Amino acid sequence: MAANSAAYEAIVRAGPRLNQLQQAHAHLIVTGYGQSRSLLTKLITFACSARAIAYTHLLFLSVPLPDEFLFNSIIKSTSKLRLPLDCVAYYRRMISSNVSPTNYTFTSVIKSCADLSASRIGKGVHCHALVSGFGLDTYVQAAFVTFYSKCGDLRAARKVFDRMPEKSIVAWNSLISGLEQNGLGEEAIRVFNQMRESPDSATFVSVLSACAQTGAIGLGSWVHEYIVREGLDLNVKLGTALINLYSRCGDVGKAREVFEKMKETNVAAWTAMISAYGTHGDGKEAVDLFNKMEEDYGPVPNDVTFVAVLSACAHAGLVEEGRSVYKRMSDSYGLVPKVEHHVCMVDLLGRAGFLDEAYGFIHHLDGIGKATSPALWTAMLGACKMHRNYDLGVEIAKRLIDLEPENPGHHVMLSNIYALRGKTDEVSHVRDGMMRNNLRKQVGYSVIEVENRTYMFSIGDESHQETGEIYRYLETLMSRCKEIGYAPVSEAVMHQVEEEEKEYALRYHSEKLAVAFGLLKTVDVAVTVVKNLRICEDCHSAFKYISVVSNRQIIVRDKLRFHHFQNGSCSCMDYW
DNA sequence: TTAGGGTTAG
């Protein structure tokens, strides 16, 4: 007994360190405990924590009759360590060994299925859990809510959740997070409002993300106030969610305030802040913060950080800074640039007008077998359109259509490029092709929040109570703009709009309606509008003039970045 | 021993 206890102590002392564990293992064998299931289980758990998966497996094979406890330990460890394939393999082995699973088995293996987005395997596990009698286990159910959400099957997630007799806080959080992560921010907020339990810090992280996604600054600030009032600990994840909230709702200053107040920061928090500056067009601040991160012995930047910095440089025209950052990525940090970094570089060079260099960059990648992503050509195409390189643009757009015929975006780009050159026949040809193949451009809409209520506008929208008033006000604004020099963007650009949009012309684009509504309903404050697509050229020009005639600041968040219109100019300096 | 949370290109 004493020897057994000493052996156990030796394993615990070794901890998740491979060398020490192997010594302890040798000792077990020498002292005759090499077959002890309980000691080997402990050893295996540590070996797995050390990520020594081959050794873990070897140890496992040395156990004569693995029991429920050993299987559960190894399934849980592999799941926690994000070794989902091993986890599923041990689960299968457990079944074939006729060892009965428990709720502990299921929660771990479901988590691994979620990590793998392995929809078919997970559904099989679900059936198995039901027939094994764990259909009403709160832990198992919550795990399934997460699993279905991560597979994008929100209906199934909802079904499991709705059938839970006792809905735990974790189940609520799983559903809210699942909705938010699948782009259903509004729905996530609705579910949050139905919650009867008191929310905890994980709830707020997901709710804040949902607010950031939808632009619901009213609820977002309420959550912030609640956190302060109730003295909730502003941990890193919560702080980062707040930075993201303020940034994506247009207030970088407030985002920075939160960042400065955080007691503990990490790479995600810094990256969120850098990204905030980047999307608001303040590339210099983004690069400064990145430099500070390096100088102050801040957290070590990761590949996500580099995407944020490079994108910030691209949007601000900081070509030399971008090149230097890209070089440092591998030279100083040993990170291998991935597709997203390559895309940033093509974007950086292309936007700045170095089309040849951008093209050469892709060809260089091609030469080393790394130019497989259509995203690279999409970035290149954007640059061609921006710098009016029609021939190359048409060539690339056609290539992209060959690569991804189902992507309506490529067809729209080709049509837009033809339109810019006045090739109306070609435009109709592309449009007809889209119609034939049932490819539709994404429907654009703009959202604005006034006094905690959100209002959504689509093009030529007449569904609002105050439609008459909004349209009349917009007319007045536009004629005042014309008096000081505004001219609608040329006829050629008009052809870029969808057929059914033409009748409304450019005048009633969703972002114009939303801005007019905002100006009408508020006094003195900046008007912030969120658009799901990129802002249109004419609206971009119009808002500069509107900021003058209304003497107000207009902030538009489009699909890619922010535009702050004030005193007749935009923060993007027309560089977008 | 179990389930849930933040950062990224086009």
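Heavy atoms only: backbone and side chains are in, while hydrogens, waters and symmetry mates are out. Residue numbering restarts at 1 for every chain, and letters A, B, ... go by the order of the sequence lines. Computed from a prediction, not measured in an experiment: that's the story for all the values here.
With rounding to whole Å, Asn244(A) atom CG is found 6 Å from dT8(B) atom P. Put simply, CG on Leu381(A) is 15 Å from C1' on dA9(B), counting in whole angstrom units. The distance between atom CE of Met345(A) and atom P of dG10(B), rounded to the nearest whole Å, is 14 Å. The interatomic distance linking Ile176(A) (CD1) with dG6(B) (C1') rounds to 16 Å, in whole Å. dA3(B) atom C1' lies 13 Å from atom CG of Asp115(A), rounded to whole Å. Atom OH in Tyr246(A) sits about 16 Å away from atom P in dT7(B), given to the nearest Å. Atom P of nucleotide dA9(B) and atom CZ of Arg561(A) are separated by 12 Å, given to the nearest angstrom. Look at CE on Met380(A): it is 16 Å from C1' on dA9(B), rounded to the nearest Å.
Counting any heavy atom pair closer than 4.0 Å across all strands shown, His315(A) reaches sugar-phosphate atoms only and no base atom. Counting any heavy atom pair closer than 4.0 Å across all strands shown, Ala308(A) reaches no nucleic acid atom. Counting any heavy atom pair closer than 4.0 Å across all strands shown, Asn235(A) reaches a base atom. No engagement by Lys42(A) is indicated, since no non-hydrogen atom pair under 4.0 Å with the nucleic acid exists. Using a 4.0 Å heavy-atom cutoff across all strands shown, Ser168(A) reaches at least one base atom of the nucleic acid. Using a 4.0 Å heavy-atom criterion, one finds that Arg534(A) contacts no nucleic acid atom at all. Residue Lys111(A) is classed as a sugar-phosphate contact, given heavy-atom separations below 4.0 Å to backbone atoms only.
For Ser275(A) and dT8(B), the shortest distance from a side-chain N or O to OP1 or OP2 is below 4.0 Å. Applying the 4.0 Å criterion to OP1 and OP2 of dA3(B), one finds that Lys167(A) has every side-chain N and O outside that range. Not one side-chain nitrogen or oxygen of Asn103(A) sits closer than 4.0 Å to the OP1 or OP2 atom of dT2(B).
Side-chain atoms of Asn266(A) and base atoms of dG6(B) include a donor and an acceptor less than 3.5 Å apart.
Closest contact between the side chain of Ser311(A) and the listed nucleotides dG6(B), dA9(B), dT1(B) involves dA9(B). Comparing dG10(B), dG6(B), dT2(B) by their nearest atom to the side chain of Val343(A) picks out dG10(B). For Arg351(A), whose side chain is taken as the heavy atoms from C-beta onward, the closest listed nucleotide among dG10(B), dG6(B), dT8(B) is dG10(B). Checking dA9(B), dG10(B), dG6(B) against the side-chain heavy atoms of Ala268(A) singles out dG6(B) as nearest. Comparing dG10(B), dT8(B), dT2(B) by their closest approach to the side chain of Glu340(A) singles out dT8(B). Among dG6(B), dA9(B), dT1(B), the nucleotide with an atom closest to any side-chain atom of Lys76(A) is dT1(B). When distances run from any side-chain atom of Ala272(A) to the nucleotides dT7(B), dA9(B), dG6(B), the shortest one goes to dT7(B).
Residue-nucleotide stacking is not present for Trp270(A) and dT7(B), judged by a side-chain ring centre under 5.5 Å from the six-membered base ring centre and planes under 30° apart.
The closest donor-acceptor contact from the side chain of Gln181(A) to the backbone of Ser149(A) lies at 3.5 Å or more, if one exists at all. Counting only distance, with no hydrogens or angles, the side chain of Asn266(A) and the backbone of Ala268(A) share a donor-acceptor pair below 3.5 Å.
For the residue pair Thr305(A) / Trp270(A), no side-chain donor-acceptor distance below 3.5 Å is found, with atom types taken as modelled. A donor-acceptor contact under 3.5 angstrom links the side chains of Tyr91(A) and His128(A), judged on distance only.
The residue from Lys284(A), His315(A), Arg256(A) that alone fulfils the side chain to side chain donor-acceptor pair (under 3.5 Å) condition with Tyr277(A) is Arg256(A).
A salt bridge is defined here as a Lys NZ or Arg NE, NH1 or NH2 lying under 4.0 Å from an Asp or Glu carboxylate O, and Arg323(A) with Glu357(A) meets this definition.
Note: Phe106(A) and Phe134(A) have tilted aromatic rings, judged against thresholds of 30 and 60 degrees for the angle between ring planes.
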